[in-house]
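Below you'll find the structure, written out as structure tokens, and then a few comments.
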Amino acid sequence: MFLVLLSVGMSLVVFSLVLFTYYSVWVIVLPFVDSDHVLHKYFLSREYSVILPGIAAVVLLLCIGAFTAVVMWKNRKPKKVD
Amino acid sequence: MTKLLEWLFGVSFVLVAWAVVSFDLLDLSLPQTYREVAWPMPLYLLVSFGCYSLATVGYRVATFNDCEEAAKELQEQIKEAKEDLRKKGLKM
């Protein structure tokens, strides 16, 4: 069981490190690099660096809303008839 | 000055500084690359805070440890409590 915890935890850490490094290079380093450098091939155009987190935030809010709706639907109690 | 007011002042100061640099409100004519870097800064800070939170959660999940002694001690205390209640007449 600890192996599962370790692998899940470590993969979260590695994923967040990779994401942070990629996003940092995308936002901060790329504007200072010449436009004919080979590094630009690995990154989408910079507008996407704003659009993609926006889409991710919308998806996250949708998931939270859907989860809340499902839980509230399951817990609904039918009204008693007097 | 309340903490809320302090935070609001700090946040609005940072926001004003960001707006002045990004949208060239004071006509300082900074080089284009600096403006290009400054403009997504609020979003970048949000994303890096999210990454930091995710990494902290992941690290704490990975280093979560068993506490053998605490588990044993808890079992002992449960036994003691059951005995005590049985003596006082509670049927278990």
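For clarity, every value in this text was computed on a predicted model and none was experimentally measured.
B:Val11 and B:Leu25 fall within a single hydrophobic cluster, where Ile, Leu, Val, Met, Phe, Trp and Tyr are joined by side-chain heavy atoms under 4.5 Å apart, directly or via other members. Both A:Leu44 and A:Ile28 are part of a single hydrophobic cluster, where members link through side-chain heavy atoms under 4.5 Å apart. Under the 4.5 Å side-chain heavy-atom criterion for ILVMFWY residues, a single connected hydrophobic cluster contains both A:Val25 and A:Phe32. Residues A:Leu12 and A:Leu60 are members of separate hydrophobic clusters, defined by side-chain heavy-atom contacts under 4.5 angstrom among Ile, Leu, Val, Met, Phe, Trp and Tyr. Under the 4.5 Å side-chain heavy-atom criterion for Ile, Leu, Val, Met, Phe, Trp and Tyr, B:Leu54 and A:Val59 are members of distinct hydrophobic clusters.
Under a cut-off of 6.0 angstrom, the local environment of CZ in B:Phe49 is sparse, with at most 12 non-hydrogen atoms contributed by other residues, nucleotides or ligands. In this structure, B:Glu6 places its CD atom where more than 12 heavy-atom neighbours from other residues, nucleotides or ligands lie under 6.0 Å away.
Chain B forms the most heavy-atom pairs under 4.5 Å with one residue out of A:Val50, A:Val29, A:Leu19, and that residue is A:Val50.
How far CG of A:Leu52 is from CG of B:Leu43: 10.5 Å, rounded to the nearest 0.5 Å.
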At a 3.5 Å cut-off, give me the donor-acceptor pairs between chain B and chain A, one pair per line with the distance.
unit_1: B:Glu36; atom_1: O; unit_2: A:Arg46; atom_2: NH1; d: 3.3
unit_1: B:Glu36; atom_1: OE1; unit_2: A:Arg46; atom_2: NH1; d: 3.2
unit_1: B:Tyr44; atom_1: OH; unit_2: A:Ser24; atom_2: OG; d: 2.8

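Clustering of Ile, Leu, Val, Met, Phe, Trp and Tyr by side-chain heavy atoms under 4.5 Å joins B:Leu8 with B:Leu4.
The two atoms that bring A:Val27 and B:Pro40 nearest to each other are CG1-CG, 3.9 Å, heavy atoms only. Contact record, A:Pro31 with B:Val37: CG-CG2, 3.7 Å, taken as the closest heavy-atom pair.
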